[in-house]
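Heads up, the thing below is written out as structure tokens.
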Amino acid sequence: MELVAGKFGVFRNVVVRFLLFSLLIVIIRFAYVITIRGESCVAGDDFCFFSTTASTGNHNLVTAAAGGGHTGRSSVTLNPTAAASPEFHKRVMFYITVFQDLIVDGFLNTQSKSLCLETPAGEDVYALREIGVEDSVGIFKKAMKPLVVNGLGFRQPFEDNTFDFIFSGNGVLDRSDKTASFASEICRTLKPEGYVVVHTGSIDTYSFNSFIRLFNCCKFISSREFDGFDSDLPRVHEIVMKKEIDMKIRSKTDPNSKNSVGSCSVPGYKQELLKKAEPLIETEPLKPWITLKRNIENVKYLSSMADIGFKNRYVYVDVGARSYGSSIVSWFKKQYPKQNKTFDIYAIEADKHFHDQYKSKKGVTLLPYAAWVRNESLVFEINQTPGDENVETGRGMGRIQAAKTGGGIVGSTDVIQGFDFADWLKNTVTENDFVVMKMDVEGTEFDLIPRLIETGAICLIDEVFLECHYNRWQKCCPGVRSPKYQKRYGQCLDLFKSLRQRGVLVHQWW
């Protein structure tokens, strides 16, 4: 009996030790799952005691049936070779949620040939493959094959009309200075009736409409906002667009463009911006040299009210620029809020006295002519009224008119070349550019502004700083008006109002 009892005790010890060892293995495995694998495990793993059901924000993870159908909810798991970190796992789960919603809405299916732009680690590509979109690839300048190939989002190594679905996530286009090139390449490689989905940060209505206009091959379908997955993009604005089959591509030379018919559409978002602008000075100021100068402090710059990030180019046109150090340096370069954008600057100045100053200035293109309503030779007069303040010592202001003297005006004349400013503008910028114009042309604004409106070129300008010349009261001589100009203050006010009615944010300059 003692022998039997001894054998039973040995057997019991062996069993206890085996169970303790097994328990230890389970504990180690559980610790690995929690700390290394991001609280998930792989389906089919013998040590997987629970399935993973992920959620991001208010979305639940679902799995699509073959052919893109949506049959129910089930867990989604990751391949262990891809889940290199909890952060990778988190991003994949986020994108799976996003793509499942797009499948439900009919913008994506498992047969879609898909491309993900500027994806360093390929989380979005992996998410597509996890839900059954097998024909998917990413693109990045430092590729991690096979999920991601070498290339750039704005210079893709693919043929035209290649993809059914293109995705740009994580605010890639927010950070790019080549958004227009991205849009152009997407239009090239996306198939007709294909969908492009872009994730940006929260954007205002001005930048949203600017963004949509960049995709001139596509029709806007829908947008929504939801929580992002990290601090880099806490809120995501998702924009869905569809490539049209026969949509006419808008261009600066398109004869059917609204630019050429003399009218501008004024959408609601522009009307809201105009409501925020500083009010026009309705009553003629008795001391305009003080009132208009002080008014600059009240100016509500467009770029201080809206995000101008989603534009093709940034252009500043100084009509009547005079010297380089005048309005270009002293005001535009130092004071105008540019949102860290680099502007192409065009200086239009007919007075040859200032031309040499621009020869060595980088980023500035001088047009040594007079802005006018057509191409023709003109008489350019340098005049000086007693009491006028000179920006440049001994140099009067120039204006286009017949040579004459009298009325306190002392001047010299020169023959110069005038050019069709409206036509030049339509051939230089597009509606996708952000264009700021300053105009100080000594009365010629009453010819140029109507011409810009008539031709529709005014639609290309986002913001105008206009000095309107009228028979203002003179600083030198109380009770005496300037004899240089025949227009009245009321006519200037009408000019400003006509621009704002056409959706142009114009400011009273001095």
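Quick note: residue numbers are just sequence positions, from 1. Both backbone and side-chain heavy atoms feed into the values below; hydrogens, waters and symmetry mates do not.
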> Going through the distances and angles, do Asp318 and Tyr324 end up as a side-chain hydrogen bond (donor to acceptor under 3.5 Å, both in side chains)?
Replying inline: CA-CA 10 Å; Asp318 197 321; Tyr324 176 70; over 6 Å; no
> Who are the ring pair (Phe, Tyr, Trp, His ring centres under 6.0 Å) partners of Phe421, not counting sequence neighbours?
Replying inline: Trp424
> Taking all non-hydrogen atoms of both residues, which atom of Val315 and which atom of Val317 are closest, and how far apart?
Replying inline: CG1-CG2, 3.8 Å
>> I need the Phe215 CZ to Ile239 CD1 distance, nearest 0.5 Å.
In response: 8.0 Å
>> Tell me whether Glu278 is salt-bridged to Arg500, with the criterion being a basic N under 4.0 Å from an acidic carboxylate O.
In response: yes
Sequence neighbours excluded and cut-off under 3.5 Å, please list the side-chain donor-acceptor pairs for residues 267-277, or say none.
{"residue": "Gln271", "atom": "NE2", "partner": "Val266", "partner atom": "O", "Å": "3.1"}
{"residue": "Glu272", "atom": "OE2", "partner": "Lys275", "partner atom": "NZ", "Å": "3.4"}

>> Does anything in residues 108-126 form a salt bridge (charged side-chain N to carboxylate O under 4.0 Å, His left out)? List the pairs, not counting sequence neighbours.
In response: Arg91-Glu123, Lys113-Asp135
> Thinking salt bridges, do Arg313 and Asp344 make one under a 4.0 Å N-O criterion?
Replying inline: yes
> How about His89 and Tyr126: are their ring centroids closer than 6.0 Å?
Replying inline: no
> Can you name the nearest heavy-atom pair linking Ala121 to Phe88, along with the distance?
Replying inline: O-CE1, 3.8 Å
> Is any side-chain heavy atom of Trp372 closer than 4.5 Å to a side-chain heavy atom of Glu376?
Replying inline: yes
> ring pair (Phe, Tyr, Trp, His ring centres under 6.0 Å) with Phe332: which residues, sequence neighbours excluded?
Replying inline: Tyr316, Tyr336, Phe343
> How would you list, by chain and number, every residue that makes a disulfide (SG to SG under 2.5 Å) with Cys468, sequence neighbours excluded?
Replying inline: Cys492
> Do the charged groups of Asp423 and Arg374 touch, with an N to O distance under 4.0 Å?
Replying inline: no
> Taking 4.0 angstrom as the limit, do Lys426 and Glu431 come out as a salt bridge?
Replying inline: no
>> Parallel, tilted or perpendicular, judged at 30° and 60°: which one describes the rings of Phe465 and Trp509?
In response: perpendicular
> Given the side-chain rings of His237 and Phe208, with only the six-membered ring counted for Trp, is the space between their centroids under 6.0 Å?
Replying inline: yes
>> Tell me if a side-chain donor or acceptor on Thr189 pairs with a main-chain N or O of Glu185 at a distance below 3.5 Å.
In response: yes
> Between Phe163 and Phe158, does the ring centroid distance fall short of 6.0 Å?
Replying inline: yes
> Around Arg235, counting heavy atoms of other residues, nucleotides and ligands shown, do more than 12 lie under 6.0 Å from its CZ?
Replying inline: yes
>> Once ring pair (Phe, Tyr, Trp, His ring centres under 6.0 Å) is applied, do any residues pair with Tyr95, and if so which ones, sequence neighbours excluded?
In response: Phe167, Phe229
>> On a heavy-atom basis, which atom in Ala183 and which in Leu214 lie closest, and how many Å separate them?
In response: CB-O, 3.6 Å
> Glu349 and Arg322: salt bridge (charged side-chain N to carboxylate O under 4.0 Å, His left out), yes or no, with the steps?
Replying inline: CA-CA 6 Å; Glu349 178 53 57; Arg322 291 183 63 83; 5.8 Å; no
